[in-house]
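This report refers to the structure that appears directly beneath it.
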Number of protein chains: 2
Amino acid sequence: MEQYDVPEMRPQIEDAAPAGEEMLDRRRLDALTEARLWRNPCGFAARFNYLALRYNVPLYGWVKERFDLSRIEFVVIYNLAVAGPFTASEIASSTAFPKNTLSRAVNRLLKLGLIHAEANGGDRRAKILSLTPAGRAIYDEALPRFEGLEKEMLAPLNLVEREMLSMLLAKVVVSMFKADASEGAADLAEVD
Amino acid sequence: MEQYDVPEMRPQIEDAAPAGEEMLDRRRLDALTEARLWRNPCGFAARFNYLALRYNVPLYGWVKERFDLSRIEFVVIYNLAVAGPFTASEIASSTAFPKNTLSRAVNRLLKLGLIHAEANGGDRRAKILSLTPAGRAIYDEALPRFEGLEKEMLAPLNLVEREMLSMLLAKVVVSMFKADASEGAADLAEVD
DNA sequence: GTCATATTGTTCCATATCGAACCTTTTTTG
DNA sequence: CAAAAAAGGTTCGATATGGAACAATATGAC
């Protein structure tokens, strides 16, 4: 298969590890992480999974501690803030969370007064969800953290490189998005 | 903050949605997904999270169905296959899975005969884990799927673009990797 | 050498999670 | 219009998960 490795980058890792005695264990740990990232037949996947991990774990950990909200609960808030009112099932489809999990999240957010549900025209099944001021306040407080970590991650890239990365990722995402739409979004979990 | 959006890409999405009656709901769903991806202050994060989702869900779903192995269990096999023998705690540190979860995974894999544990020199606490032929066979059968989906994801890019994307992601990953190493890997879950 | 500390891995338990069955409302079909 | 099918949400229950306390071993301090 193709090689997506970038061998010339690797010295940058090694030169970060001085030869102290107490570095032995650290080096051995790094050996595994490094191998997963660079000596991996699926290096592209390994990289975005690594980034997702290093991004999501600290941020959602902070959200949990600061607001006592689970990841799903915050995702609902975030999506409503970014993309205006939606129904629960629309959020479920879009995020691929199971709808019962989402149902619990929505009910908790309603109970906490962070979101508001209003009738969806004549349809008495679905309710249209939107943020209350309290929910918006949480988003407003959290956003800088999310932006900050993203900025930190992108720090090693200059502006041109960022634009390039953004464009390349966009191409990949759009392609998957279209592929998914053309075969029915309901089958997301079965894509194969 | 900086804008990582790529407005000129968006028509590619819209032109995929014909104006049929039954497309109304689909369009509304797409509206949310699209907004999350393109009208999101953290567009970079949204993109790699989207890719991770679209990559991991189907593959680990298949692994579960085909081998009856959980994600963590398969991760152990995958890591041992890619990076040679390691101890459980090394895998735990590197993957950021809690060590008790990993302990369970390791024990199940031992019981299934997919991995092998041997004494770690004089240290009677840790055991060095390696794949048995049966474990290796699972890796060998699974790898083409993982490679295949990665290849599919990268299909819209030409060779130069792939190299470029790989290099840019590598820069970001290496930078985070170094930042993590310099502040102690044990604090991974607290990175903030 | 001996005691305090750290490390590895396991067990316990409260909670989170998700599939499946379910209820209600809406839409479609004949 | 009645019956069937579909869609939005909720409830239930079996399982997974991860934090905290634990036992066993190893390392370090003195």
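For clarity, every value in this text was computed on a predicted model and none was experimentally measured. Throughout, protein chains are lettered first and strands after them, A, B, ... in sequence-line order, and every chain is numbered starting at 1.
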Please test A/Arg47 against B/Ser166 for side-chain hydrogen bond (donor to acceptor under 3.5 Å, both in side chains), starting from the C-alpha separation and ending with a verdict.
CA-CA 9 Å; A/Arg47 284 163 212 191; B/Ser166 184; 2.6 Å; yes
Ignoring backbone atoms, establish whether B/Ser89 has a side-chain N or O less than 4.0 Å from OP1 or OP2 of C/dG9.
yes
Whole-Å distance, B/Phe97 CZ to C/dT8 P, equals 19 Å
Taken to the nearest whole Å, CZ/A/Arg124 to C1'/C/dC23 is 14 Å
In the structure I gave you, are the side-chain heavy atoms of B/Tyr55 and A/Cys42 within less than 4.5 Å of one another anywhere?
yes
Atom-to-atom span, CD1 of A/Ile72 to P of D/dG9 - whole angstrom
16 Å
So, does A/Ser93 use its side chain to make a donor-acceptor pair with the main chain of A/Ser89 at under 3.5 Å?
yes
Under 3.5 Å, is there any donor-acceptor pair linking the side chain of B/Arg125 to the base of C/dT7?
yes
Can you tell me the distance, in whole Å, between the NZ atom of B/Lys64 and the P atom of C/dC18?
13 Å
Which whole-number value in Å describes the distance from A/Lys127 NZ to D/dG8 P?
15 Å
Nearest-angstrom distance from the residue atom CZ of A/Arg71 to C1' of D/dT17:
15 Å
Quick one: the dot-bracket string of DNA chain D, using Watson-Crick and G-U wobble pairs with both distances under 3.5 Å, [ ] for crossing pairs and | for bases paired to another strand.
||||||||||||||||||||||||||||||
Backbone N/O of B/Ser94 and side chain of A/Arg36: donor-acceptor pair under 3.5 Å
yes
By the definition side-chain contact (heavy atoms from CB on, under 4.5 Å), identify the one residue from B/Leu112, B/Leu114, B/Leu131 that meets it with B/Ile138.
B/Leu114
B/Asn107 versus B/Lys111: any side-chain heavy-atom pair under 4.5 Å?
no
Let me know the distance between CG of B/Asn120 and P of C/dT8, rounded to the nearest Å.
10 Å
Give a yes or no on whether the ring-centroid distance for B/Phe74 and B/Phe146 is below 6.0 angstrom.
yes
Interface with DNA chain C, restricted to residues 98-117 of chain A and to heavy atoms under 4.0 Å
A/Pro98, A/Asn100, A/Thr101, A/Arg104
Starting at CG of B/Asp68 and ending at P of D/dT15, how long is that distance when rounded to a whole Å?
12 Å
State, yes or no, whether a side-chain contact exists between A/Leu149 and A/Pro58 at a heavy-atom distance under 4.5 Å.
yes
Can you check whether A/Val106 reaches A/Ile91 side chain to side chain, under 4.5 Å on heavy atoms?
no
